[in-house]
Amino acid sequence: MSESPTTAIDIAAAVRDGRVTAAEVVETHLAAIDAREAELHACNAVLADEARAAAGRGDAARAAGATLGPLAGVPVALKDNMCTRGIPTTCSSKILEGWRPPYDATVVTKLQEAGAIVIAKTNLDEFAMGSSTENSAFGPTKNPHDVTKVPGGSSGGSAVAVAAGFAPISLGSDTGGSIRQPAALCGVVGLKPTYGTVSRYGLIAFASSLDQIGPFGATIADAAATYNVIAGHDPRDSTSYAGAMATIGAAELAGDVSGMRVGIISELVGAEGIADDVKRRFTEAADALSAAGAKVEETSVPACVYGLSAYYLIAPAEASSNLARYDGVRYGLRIEADNITDMYTQTRTAGFGPEVKRRIMLGTYALSAGYYDAYYGKALKVRSLIARDFAAAYEKFDVLLSPTAPTTAFGFGAKTDNPLAMYLSDVCTIPSNLCGDPAISVPFGTGDDGLPVGVQVLAPALGEPALFRAAAALEGSAP
Ligand code: GLN
């Protein structure tokens, strides 16, 4: 065997052409996991037996003359909040201990139908609540570029899986930035697609009006190939978009941005806590787009500044409702007690970690009689304002631009005592969740500490083609 392919697209082509077998691809990636997993802890489970069996089936199908899919033989790591039939799905929470879903999430089925091979379930902040993976009940994941630093979160394990070569692609979920922020901190590509374009059937709910599944990849082309496979209407998800969705092809990936109107969101570049080294890289990225022929201008999306405040009412409110189902009766952990009320209380007390409890309390408070209008109701109004301001910006611009995260990867414990400081990690990513629009983080050089910096491209709903065009241009000009 010559040089083994590393990107998803190259692997699939090599498997289809018979230059490499799916079994060989799986062994290469299991070896990469073996080499660094003990140090990085990206995975809640490594599915070696299952992956070898799937590779064997794929190779047998090829030998029998079957047509192979676009992700033939490509290992994929899944955030451990996506249901896998018969395989523990934990949300990195003690409350789901021992639970095995009786069904696969739609994204899992779609990936497998395309030939991809699930190789691992990845670590996350408990129930996807966090920005550093430090809120996992199973211990944090480490950043492969510097193991004294966090990988970001909540999809930290999925970002690390790609950055460390455990799998060429992975899936995460993004409610307020949980794909894009860890992508930025780990130096990989992370996409939050338009709300409704990727089915959430089988994604364990955090905040249902915001949650979206999306891909990580080492390249824009791999993220696009994965998006093409997982996007599409699903009758099993009542919020699934039923209209036409674009497929990303060679035209978008060529990254031609001549004449493209690009707006720099001044409120986000100027947001609290954006570090100088991140700003410098961001400016270089904007200059690179202009050198490539785009018309780049500063613009204002005024209501953006209220995004974080609105999110921390809406997301906990929805979470408090979604997490009511973990009562010791239907899923996972149960602490036995003399009566049912004590059983509920003791199960939830033992099963949920501190951040999850904080969110449930915040959300319950925001929804309670007498406070509902002042908090939840007000946050919904702010949400409408943000959507309106973005819609106005997209009358003048094809895509918008901001940093992805305020800083490069930070140290363990740096923000754990101060939830507000942690929440500020998502100041640039949250607005896209509130308005349902797509956004992508593209690696763009490093900060003063030598750690990766990400630049975010935002587009209007269903604007993935323009988003990928700009992202491909940035990838092509990244230092
Ligand atoms: N960090 C944000 C939070 O803690 C976003 C999480 C996410 O996108 N899942 O809520």
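These numbers were taken from a predicted model, which means no experiment stands behind them. What's counted below: heavy atoms across the whole structure, side chains too, no hydrogens, waters or symmetry copies.
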- Query: Between Tyr312 and Tyr423, how do the two ring planes meet: parallel, tilted or perpendicular, split at 30° and 60°?
  - Reply: parallel

- Let me see the working for Thr109 and Tyr103 under side-chain contact (heavy atoms from CB on, under 4.5 Å), right down to the final yes or no. CA-CA 10 Å; Thr109 308; Tyr103 64 101; over 6 Å; no

- Query: Hey, are the side chains of Thr226 and Val76 touching, using non-hydrogen atoms and a 4.5 Å cut-off?
  - Reply: no

- Item | Spatial distance of atom CD (Gln212) from atom OG (Ser199) [nearest 0.5 Å] | 9.0 Å

- Item | Audit row: Phe166, Val46, side-chain contact (heavy atoms from CB on, under 4.5 Å) steps and yes/no | CA-CA 10 Å; Phe166 292 0; Val46 178; over 6 Å; no

- Query: Would a distance-only check, ignoring hydrogens and angles, find a side-chain to backbone donor-acceptor pair under 3.5 Å from Arg348 to Asp327?
  - Reply: no

- Note on the structure: Value for OG (Ser384) from CG (Leu434), rounded to nearest 0.5 Å, stands at 10.0 Å

- Between the CG atom in Asp222 and the CG atom in Leu71, the distance rounded to the nearest 0.5 Å is 8.5 Å

- Looking just at side-chain N and O atoms, do Ser173 and Asn81 make a donor-acceptor pair shorter than 3.5 Å? yes

- State which residues pass side chain to side chain contact (heavy atoms under 4.5 Å, CB included) with Ala409; sequence neighbours excluded, sorted by chain then number. Asn143, Lys149, Leu185, Leu451

- Item | Side chain to side chain, Asp276 and Asp448, heavy atoms closer than 4.5 Å | no

- Message: Whether the side chain of Arg180 engages the backbone of Thr429 through a donor-acceptor N/O pair (distance < 3.5 Å, no angle test) should be reported.
- Response: yes

- Task: Answer yes or no: is there an ion pair linking Lys110 with Glu113, defined by an N-O contact shorter than 4.0 Å?
- Result: no

- Note on the structure: Paired with Ile11, the side chain to side chain contact (heavy atoms under 4.5 Å, CB included) test is passed by just one of Val74, Thr6, Thr28, namely Val74

- Looking only at atom types and distance, does a side-chain atom of Lys357 sit under 3.5 Å from a main-chain N or O of Phe352, one as donor and one as acceptor? yes

Under 3.5 Å, side-chain donor or acceptor atoms of residues 116-130 against the rest of the protein: list the pairs with distances, not counting sequence neighbours.
from, atom 1, to, atom 2, distance (Å)
Lys121, NZ, Asp80, OD1, 3.0
Lys121, NZ, Met82, O, 3.0
Lys121, NZ, Thr84, OG1, 2.8
Lys121, NZ, Thr89, OG1, 3.0
Thr122, OG1, Leu78, O, 3.3
Thr122, OG1, Lys79, N, 3.4
Thr122, OG1, Ser158, N, 3.4
Thr122, OG1, Ser158, OG, 2.7
Asn123, OD1, Ser92, OG, 2.7
Asn123, OD1, Ser136, OG, 2.7
Asn123, ND2, Gly139, O, 2.8
Asn123, ND2, Thr141, OG1, 3.0
Asp125, OD1, Thr133, N, 2.9
Asp125, OD1, Glu134, N, 3.2
Asp125, OD1, Asn135, N, 2.8
Asp125, OD2, Ser131, N, 3.3
Asp125, OD2, Ser132, N, 3.3
Asp125, OD2, Thr133, N, 2.9
Glu126, OE1, Gly353, N, 3.0
Glu126, OE2, Ser93, OG, 2.7
Glu126, OE2, Gly353, N, 3.2

- Message: Applying side-chain contact (heavy atoms from CB on, under 4.5 Å) to Arg325 and Arg330, what does each step give before you reach the verdict?
- Response: CA-CA 8 Å; Arg325 59 169 65 89; Arg330 288 166 289 182; 3.9 Å; yes

- Query: Going by atom types only, do Thr90 and Glu97 share a side-chain donor-acceptor pair under 3.5 Å?
  - Reply: no

- Task: Scan side-chain atoms only and decide if Asp437 and Ser432 contain a donor-acceptor pair under the 3.5 Å cut-off.
- Result: no

